[in-house]
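In what follows, a single structure is set out as structure tokens and then discussed.
Lettering of chains follows the sequences in order, A, B, ..., and the numbering in each one begins at 1.
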Amino acid sequence: MDEYDAQTIETKWQAVWEAEQAFVVPDPEPGEAADSDEFYMLEMLPYPSANGLHMGHVLNYTLGDVVTHFRRRNGSRVLRPMGYDAFGLPAENAAIKEGGHPREITDRNIASIGRQMRRMGWAIDWTREVSAHQPSYYRWTQWLFLKFFEHGLAYRKGAPVNWCPNDQTVLSNEHVIDGRCERCGAVVEARIMDQWFFKITAYADELLADLDTIDWPERTKKIQTDWIGRSEGAEVLFRVEELDLDIPVFTTRADTLFGATFFVVAPESPLVEQLTAGTERYEQVISYARIAAARPREERETREKTGVFTGRYATNPVNGEQIPIWVADYVLMDYGTGAIMAVPAHDERDREFAERHGLPIVDVVGEDGRLIQSEQFDGLPWEEGRRAIVEWLSGQGKGKPAINYRLRDWSFSRQRYWGCPIPVVYCDECGIVPVPEDELPVLLPEVDNYRPKGEPPLASNPDFVNVPCPRCGGPGRRETETMDTFVDSSWYFLRYCDPHDEQTAFDRRLVDYWMPIDQYVGGIDHAKGHLLYSRFFVKVLNDIGLLGFREPFQRLFHQGWVKQGGSKMSKSKGNVTGPDDLIAQYGADATRLYILFLGPADQDMDWTPEGVEGMVRFVRRLWRVVGDAAQREPSPEGVDTPLARKAHETIARVTDDIGRRFVFNTPTSAVMELVNELSRAPEDPAARFAAETAVSLIQPYAPHVAEELWERLGHERLWTQPWPVADERLLQRDTVQLVLQVNGKVRDKIEVPAGLSEAELIALAKASEKVQAHLNGGGGEPRAFVVPDKLVNLVV
RNA sequence: GCCGAAGUGGCGGAACUGGCAGACGCGCCGGACUCAAAAUCCGGUGCCCCUCGGGGCGUGUGGGUUCGAUCCCCACCUUCGGCACCA
């Protein structure tokens, strides 16, 4: 037999799949109902980086590929598309640095990544390819924006935002890590700016509750739960008599209301101005507030608590006490109402502040957890007291139960070029006017310079900016900000269902047929970003009648990081192994096999160059052993030999591992065992059957060599063949190995007929010489514990 | 600080539901083939003791439950992740 040559075999079969459109999946006929036959397999789409694919992609898409082949061969109609998250800063920064247009750079990267993906042999339906930067795609991103705008779910308002001074753009909360820009690491500044927001907070409760309806890793659900941060409490009104002003605060500890000895307002709060206007303290307070508010978030969180008295007092609604109002930097504007009641006795932060500034501290909860110094509520356990006080406040019109969220609305406008234009026009007469649907897409215009200088790059093109108002025809100005790329990726999985539609974003019939996604695979780093945004999008689109489901991703899996030498692979560390080199050296099949063999796919793994060579050895061994078996007679139907039994056992194991357990490292081990056994028993009448089984089972992992060997075994198109089924009869064992223990220690192993009774097994155990030696006649009858067909433990 | 996940040979890992710890692979050791090397093939490989028949220990540490614990419970240590002045 000829030598195994990965390059020849792999390019040969890739050409066949291309020519036969092997992985193109047809849409359902009109009227065809969605049933268990359809399966939507999706991995998170790649960003078309100039570096091409990294090993994380190789793991992600190979895993998806195994599932795709497995489901196809088990009779499902599998949708497995691919596209590109093509807008975003890296291409724009490259254009600034090296010249050229972000579009050219992006298109070049997409072409190169597409080649890599085809060379990996992934079973993708390329007829459905979409990319976020194409007008045929972003036209519908804009259309969806207009739907959100129409329903009051996209709005523009001035708000404190995270500003990255290096990238010259606003960042969403999700992309600020420890006070720094996730992308470039620059310390983020707080600025008040007019920004576009999606009203994701309107869905906070549902985003929380519906986590119960989806099959996701618990840790991911927890991240989303924490990020949404629901807390139940009360809203309490504190009155400033002199100004005839009621200030609401949110508290989870209404039971401690009698211990509220002062009141604090955030430096950014408009209340600061309101409370001090025209007073002698005005200058001092305002200048403090300004300095405190401008302080970088990072510094503000670590510094000691500073503050200044406003000169005003608020009335504690439960006892009428006048408590001083301070402005202090430890109160945040963007949580609750931007003002708090301070209870130094029962809140660490308030206590620290009170001690520093000499404010009174009043205990209102005793050692026993019962209320004290709280008038008619004295003696109540604090939880009951909380209820009672909120009830009393409600009766007085001074408070009510309330729920607060940590989640903020999604700020999605960016002051950069390479993104989807926001399709609105500002008009002095009409305000914010949406661009009419039939004028979409608003094409991304050409500009001279992509670097923003105080205003977004799009503002530098007067032909783009100056347009008549679509409503009144008067002078208008187009929006010059673009959308966060996470808007693009919040609906791409819907477009795949109907990628060429020119009438609408997606046909509801097709989307309802394929969606929700049966298996989604991607990094956990998207837990509170993309995975939350997409859920929000689907809920909104369901509410406005565009689709018929409320969750996009029914089942979710996170692949781990691929590391090398203990650290994350990265260009700067110079430890990158890329798919191109691996394919050239070892072939796509060995690379695919090894990336999944490395360890559990959901844990971080360490790539070693020696390991992949071991995998090439396995492929060559498979090639040789199967080649030899192909020379032998076909195995008789239902042949019962040790090798035949091993083959059926392997079918059962691999099927269970991929299908039920969703583990991908152990199936290869199982097939290796089968191949090892075949090579030791080449004369076994089941040799050819074992070879066919090994090839068939390894096909999802190593589709090229499997296809080639399948052909050499005299068959055709393994990718269309049904997945093998284990013969139950051959999985049954006539004899089993019985483990004999004395006092829990293994003393002997004997071969016994399967299915013996407990009494028979105990008798056999006692008959063992080695067991007897350890029982050594010790007093009385041993107690016996039996696991049928497995183990007998005798205890003396 | 609070919350969560994970710790198994020289290395990656396996052991699915409380029942033989270490499958499979890497590495290493020995042998065959070879003038030699590479490749390939065969055998061995948790640690310690040994009269070579076997014996003891062993899944981060200490305890507990159980006839029996890598698996369940408690405490601690380490690593990784989430949140972090959230009222």
Problem - Side-chain (H346(A)) to main-chain (V365(A)) donor-acceptor, under 3.5 angstrom - result: yes
Problem - C28(B) versus G46(B) - spacing of their C1' atoms, nearest Å - result: 14 Å
Handout entry: G18(B) and C67(B), which share atom name C1', separated by this distance in whole Å
Key = 12 Å
Practice task
Go ahead and name the base partner of G18(B); Watson-Crick or wobble counts if both distances stay under 3.5 Å, otherwise write none.
Solution key: none
Problem - Pairwise P distance for G22(B) and G44(B), with rounding to whole Å - result: 15 Å
Practice task
Taking atom P in both A32(B) and C72(B), compute the distance separating them and give it to the nearest angstrom.
Solution key: 49 Å
Handout entry: Euclidean distance, atom CZ of residue R680(A) to atom P of C24(B) [Å, nearest integer]
Key = 8 Å
Practice task
Classify the nucleic acid contact of G614(A) as base, sugar-phosphate or nothing, counting any heavy atom under 4.0 Å across all strands shown.
Solution key: sugar-phosphate
Handout entry: G12(B) - base-pair partner by Watson-Crick or wobble geometry, distances under 3.5 Å
Key = C24(B)
Exercise for the section: Just compare G25(B), G68(B), C83(B) and give me whichever is closest to any side-chain atom of N793(A). Expected result: G68(B)
Handout entry: Min side-chain heavy-atom separation V654(A)-D656(A) under 4.5 Å
Key = no
Completion exercise
Applying the 3.5 Å cut-off to both distances, the Watson-Crick or G-U partner of C71(B) turns out to be none
Handout entry: Under 3.5 Å donor-acceptor pair, K790(A) side-chain atoms to C20(B) base atoms
Key = no
Exercise for the section: Determine the contact category for R621(A): base if any of its heavy atoms lies under 4.0 Å from a base atom, sugar-phosphate if only primed atoms, P, OP1 or OP2 are that close, otherwise nothing. Expected result: sugar-phosphate
Problem - Rounded distance in Å between the P positions of C16(B) and C20(B) - result: 9 Å
Handout entry: Same-atom distance (P) from C29(B) to A38(B), integer angstrom
Key = 12 Å
Handout entry: Any donor-acceptor N/O pair, D789(A) side chain to G755(A) backbone, under 3.5 Å
Key = yes
Exercise for the section: Identify whether NZ of Lys or CZ of Arg in K305(A) sits under 6.0 Å from the centre of the six-membered ring of F353(A) and within 45° of that ring's axis. Expected result: no
Handout entry: Flag for Y405(A)-D205(A): side-chain donor and acceptor within less than 3.5 Å
Key = yes
Problem - Length of the CG-P vector between D329(A) and C86(B), whole Å - result: 13 Å
Practice task
Indicate whether F785(A) forms a stack on C67(B); treat it as stacked only if centroid distance is below 5.5 angstrom and interplanar angle below 30 degrees.
Solution key: yes
Exercise for the section: In whole angstrom, give me the gap between the C1' atoms of A14(B) and A23(B). Expected result: 5 Å
Practice task
State whether N665(A) places a side-chain N or O below 4.0 Å from either non-bridging phosphate oxygen (OP1 or OP2) of A14(B).
Solution key: yes
Exercise for the section: Looking at every strand, decide which applies to T608(A) at a 4.0 Å heavy-atom threshold: base, sugar-phosphate, or nothing. Expected result: nothing
Exercise for the section: Using only side-chain N and O atoms of R219(A), determine if any of them is under 4.0 Å from OP1 or OP2 of C83(B). Expected result: no
Handout entry: Most 5' of R620(A) and R783(A) on RNA chain B, judged by nearest nucleotide
Key = R620(A)
Problem - OP1 or OP2 of A23(B) under 4.0 Å from side-chain N/O of R653(A) - result: no
Exercise for the section: Give a yes or no on this: more than 12 heavy atoms of other residues, nucleotides or ligands lie within 6.0 Å of atom CZ of R733(A). Expected result: no
Fill in the blank from the handout: Between CD of Q741(A) and C1' of C67(B) the distance, given in whole Å, is 9 Å
Handout entry: Candidate nucleotides G12(B), C86(B), A87(B), ranked by approach to the side chain of T252(A) - the nearest
Key = A87(B)
Problem - K745(A) side-chain N/O to C57(B) phosphate OP1/OP2 under 4.0 Å - result: yes
Exercise for the section: Would you state whether a donor and an acceptor, one from the side chain of R660(A) and one from the base of C16(B), lie under 3.5 Å apart? Expected result: yes
Exercise for the section: May I ask you to evaluate whether R349(A) reaches the phosphate of G1(B), defined as a side-chain N or O under 4.0 Å from OP1 or OP2? Expected result: no
Problem - Anti or syn - G9(B), cut at 90° from 0 - result: syn
Problem - Any donor-acceptor pair under 3.5 Å from Y4(A) side chain to V705(A) backbone - result: no
Practice task
Could you tell me whether the phosphate oxygens of C41(B), OP1 or OP2, come under 4.0 Å of any side-chain nitrogen or oxygen in R624(A)?
Solution key: yes
Exercise for the section: Tell me which nucleotide among C42(B), A14(B), C85(B) gets nearest to the side chain of K305(A). Expected result: C85(B)
Exercise for the section: Would you please classify the geometry between the F557(A) ring and the F662(A) ring as parallel, tilted or perpendicular, with 30° and 60° separating the classes? Expected result: perpendicular
Handout entry: Distance-only donor-acceptor test (3.5 Å): side chain D226(A), base C83(B)
Key = no
Fill in the blank from the handout: Closest to the side chain of R617(A), out of C20(B), A14(B), U40(B), is U40(B)
Exercise for the section: Would you mind telling me which residue lines up with the more 5' stretch of RNA chain B, T668(A) or D657(A), judged by nearest nucleotide? Expected result: D657(A)
Completion exercise
Closest of C83(B), C24(B), G19(B) to the L791(A) side chain is G19(B)
Problem - Residue matched to U40(B) through Watson-Crick or wobble contacts both under 3.5 angstrom - result: A32(B)
Handout entry: Which nucleotide in C20(B), A15(B), G56(B) has an atom nearest any side-chain atom of T666(A)
Key = A15(B)
Problem - G-U wobble or Watson-Crick pairing nucleotide for G1(B) (cut-off 3.5 Å, both distances) - result: C83(B)
Fill in the blank from the handout: Here the distance between atom P of A14(B) and atom CG of L596(A), to the nearest Å, is 13 Å
Practice task
Could you check how far CD of Q603(A) sits from P of U8(B), rounded to whole Å?
Solution key: 11 Å
Exercise for the section: Taking atom CD of E751(A) as the centre, report whether more than 12 heavy atoms of other residues, nucleotides or ligands fall under 6.0 Å from it. Expected result: yes
Fill in the blank from the handout: Ranking A84(B), C20(B), A87(B) by distance to the side chain of V746(A), first place goes to C20(B)
Handout entry: Rounded interatomic separation in angstrom, taking CD from E673(A) and P from A15(B)
Key = 12 Å
Practice task
Tell me what L598(A) touches on the nucleic acid: a base, only sugar-phosphate, or nothing, going by heavy atoms under 4.0 Å.
Solution key: sugar-phosphate
Handout entry: Under-4.0 Å side-chain N/O to phosphate OP1/OP2 contact, N676(A) with G25(B)
Key = yes
Handout entry: Integer angstrom distance from the P of G64(B) to that of C71(B)
Key = 15 Å
Practice task
Whole angstrom is fine here: how far is it from CZ in R230(A) over to C1' in C86(B)?
Solution key: 15 Å
Exercise for the section: Just call it for Q737(A): base, sugar-phosphate, or nothing, with non-hydrogen atoms closer than 4.0 Å on any strand. Expected result: base
Completion exercise
Scanning all shown strands, the Watson-Crick or wobble mate of C76(B) with both distances under 3.5 Å is G60(B)
Problem - Within 45° cone and under 6.0 Å: K528(A) NZ/CZ vs W227(A) ring - result: yes
Completion exercise
With the side chain defined as heavy atoms from C-beta on, V787(A) is closest, among G19(B), C67(B), G25(B), to G19(B)
Exercise for the section: Please give the nucleotide sitting opposite U65(B) as a Watson-Crick or G-U wobble pair, both distances under 3.5 Å, or none. Expected result: none
Problem - Separation of atom NZ in K222(A) from atom P in C83(B), rounded to whole Å - result: 9 Å
